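Before any comments, here is the structure.
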Amino acid sequence: MPGARAPGAAGTRLRLSGDLERAALLAVADLREMPQRTVEAGFACGRLGEQRHAYTGPLLLDVLLAAGPRFDPVIGKDRVRFLIAVTGRDGHTAVLSWAEIDPRYGGGVALLATRVDGRDMDADGPQLVVPGDTAGGRYVSRIAAIWTGPAAAAGAA
Ligand SMILES: Nc1nc2c(c(=O)[nH]1)N[C@H]1C(S)=C(S)[C@@H](COP(=O)(O)O)O[C@H]1N2
Ligand SMILES: [Mo]
């Protein structure tokens, strides 16, 4: 999956790292090869007013599972240690928990959008879309990096 893209796409690849079997550099085109979901979602934005768009992309959960998170797949509670941090090119970072998007726990939807209202985002990089959020803070645009790993790696006991 990583490494196959044209040189022009290199600048918009996101770095997927953390406690994973297969860390990856992913272009928007790589994300588009995964099963896509379209959701309508919106958030209140101080600067732009109410935003509402149709976002298309793979589930964040599927992207992370494809990278092989190193929790015990059999012991269901082992995964609740995991955090997910999504960072934009400008450094803006939003955190989710693994349980929040795992169907056995919160089951929330989170997408890595590759299209907004039908427009490809290859040049900008993907955007995190959390349809359950009514505020804009976690709709991280121009994603540069995603890290997932246990809370202990982030300094928690
Ligand atoms: N990369 C990045 N994405 C971001 C933000 C940001 O500062 N950086 N701000 C968030 C917030 S708070 C809102 S309301 C929306 C719209 O913010 P904007 O004014 O930066 O477009 O983008 C979200 N995504
Ligand atoms: Mo915002």
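Order of listing sets the numbers, starting from 1, for every ligand and every atom in it. Quick note: residue numbers are just sequence positions, from 1. Given the structure is predicted, the values throughout are model-derived calculations rather than measurements.
Counting only heavy atoms from C-beta outward, the side chains of R79 and R104 approach each other to under 4.5 Å.
By the side-chain hydrogen bond (donor to acceptor under 3.5 Å, both in side chains) test, D19 pairs with R70, sequence neighbours left out. Not a single side-chain hydrogen bond (donor to acceptor under 3.5 Å, both in side chains) links S97 to another residue, sequence neighbours left out. Legend: residues meeting salt bridge (Lys or Arg N to Asp or Glu O under 4.0 Å) with R115, ordered by chain and number and at least two apart, are D120.
Side-chain N or O atoms of Q127 include one that pairs as donor or acceptor with a backbone N or O of Y139 at under 3.5 Å. Distance alone, capped at 3.5 Å, is enough to place a donor-acceptor pair between the T12 side chain and the D122 backbone.
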Identify the protein atoms, limited to N or O, that lie within less than 3.5 Å of an N or O atom of ligand 1, and list each pair with its distance to 0.1 Å.
from     : atom 1 : to   : atom 2 : distance (Å)
ligand 1 : 1 (N)  : D90  : OD1    : 3.1
ligand 1 : 1 (N)  : D90  : OD2    : 3.4
ligand 1 : 1 (N)  : S141 : O      : 3.0
ligand 1 : 3 (N)  : S141 : N      : 3.0
ligand 1 : 3 (N)  : S141 : OG     : 3.2
ligand 1 : 8 (N)  : D90  : OD2    : 2.7
ligand 1 : 19 (O) : R47  : NE     : 2.9
ligand 1 : 19 (O) : R47  : NH2    : 3.1
ligand 1 : 21 (O) : R47  : NH2    : 3.0
ligand 1 : 24 (N) : Y139 : O      : 2.8

